[in-house]
Amino acid sequence: MAARKPWCPDRRDMIWIDCNPQAGREMKNMHPLVVLSPREFNERTGIVIGLPMTTAAFNDTNPFAVRSKGPKDVSSYILGHQPKSFDWRARKAKPHPWKKLPEESYARACETLNQIIDIG
């Protein structure tokens, strides 16, 4: 019987992560994060790159927030203007109950980020 690999976040996963310490207008406390970096990178480096998410309704008018629907039609917003990198092990990241972001929402979030940083 093969040994089970320990959990590691993967691209498109939603995870809980502690954003503290924060400064200025950055998010603070525990928040969902949609993972942009692939599992192989996350596992090897211990770093995860992603976009924070919130349910704060004022983001409905934020041009950089991508609206996504979760279970029971809960609206959440992926903040395309706040890419983050975190040491996911030190911050005790864990899987979010919604598991993976829908492909359409993930693609829109990536497009929004690309409009800001123009990776090509």
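What you find for V34 and I78 is that their closest heavy atoms are CG1-CG2, 3.7 Å. Residues I47 and S85 share a closest heavy-atom pair of CG2-CB, 3.9 Å. The heavy-atom pair separating V66 from S105 by the smallest distance is CG1-O, 4.1 Å. Taking all atoms of both residues into account, the shortest heavy-atom contact from Q82 to E26 is OE1-CA, 4.1 Å. The two residues P9 and V35 come nearest to each other via the heavy atoms CB-CG2, 4.0 Å. Annotation for S76 and W98: closest pair OG-CZ3, 3.8 Å, computed over non-hydrogen atoms.
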Practice task
Go through I49 and F41 one step at a time and tell me if the side chain to side chain contact (heavy atoms under 4.5 Å, CB included) criterion holds.
Solution key: CA-CA 9 Å; I49 301 169; F41 173 86; 3.9 Å; yes
Practice task
List the steps and the verdict of side chain to side chain contact (heavy atoms under 4.5 Å, CB included) for Y106 and R11.
Solution key: CA-CA 10 Å; Y106 182 80; R11 183 173 279 149; 3.1 Å; yes
Handout entry: Evaluation steps, side chain to side chain contact (heavy atoms under 4.5 Å, CB included), between I15 and H96
Key = CA-CA 5 Å; I15 64 172; H96 189 280; 5.5 Å; no
Practice task
Decide side chain to side chain contact (heavy atoms under 4.5 Å, CB included) for R12 and E103; before the verdict, give the C-alpha distance in whole Å, the side-chain angles of both, and the deciding distance to 0.1 Å.
Solution key: CA-CA 8 Å; R12 231 181 91 222; E103 286 185 41; 3.4 Å; yes
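Connection of M14 to L33 is not established within any shared hydrophobic cluster, with ILVMFWY side chains joined at heavy-atom distances below 4.5 Å, either directly or through further cluster members. One hydrophobic cluster holds both L101 and L51 under the rule that ILVMFWY side chains link at heavy-atom gaps under 4.5 Å.
A donor-acceptor pair is defined here as one N or O able to donate and one able to accept, closer than 3.5 Å; such a pair exists between the side chain of Q22 and the backbone of G24.
One distance of note links CG of D13 with CZ of R39; it measures 9.0 Å at 0.5 Å rounding. Annotation: the span from R67 atom CZ to N59 atom CG amounts to 11.0 Å, rounded to 0.5 Å. Here the CG-NZ distance, from D87 to K92, works out to 10.0 Å after rounding to the nearest 0.5 Å. From M53, atom CE reaches atom CD1 of I17 across 14.0 Å, with rounding to the nearest 0.5 Å.
Contacts classified as side chain to side chain donor-acceptor pair (under 3.5 Å) and involving residues 27-38 (residues at least two apart or in different chains) are given here: N20-N29, S37-N42. Counting only residues at least two apart or in different chains, ring pair (Phe, Tyr, Trp, His ring centres under 6.0 Å) contacts with residues 65-87 comprise F64-H81.
The salt bridge (charged side-chain N to carboxylate O under 4.0 Å, His left out) check on R91 picks up nothing, with sequence neighbours excluded.
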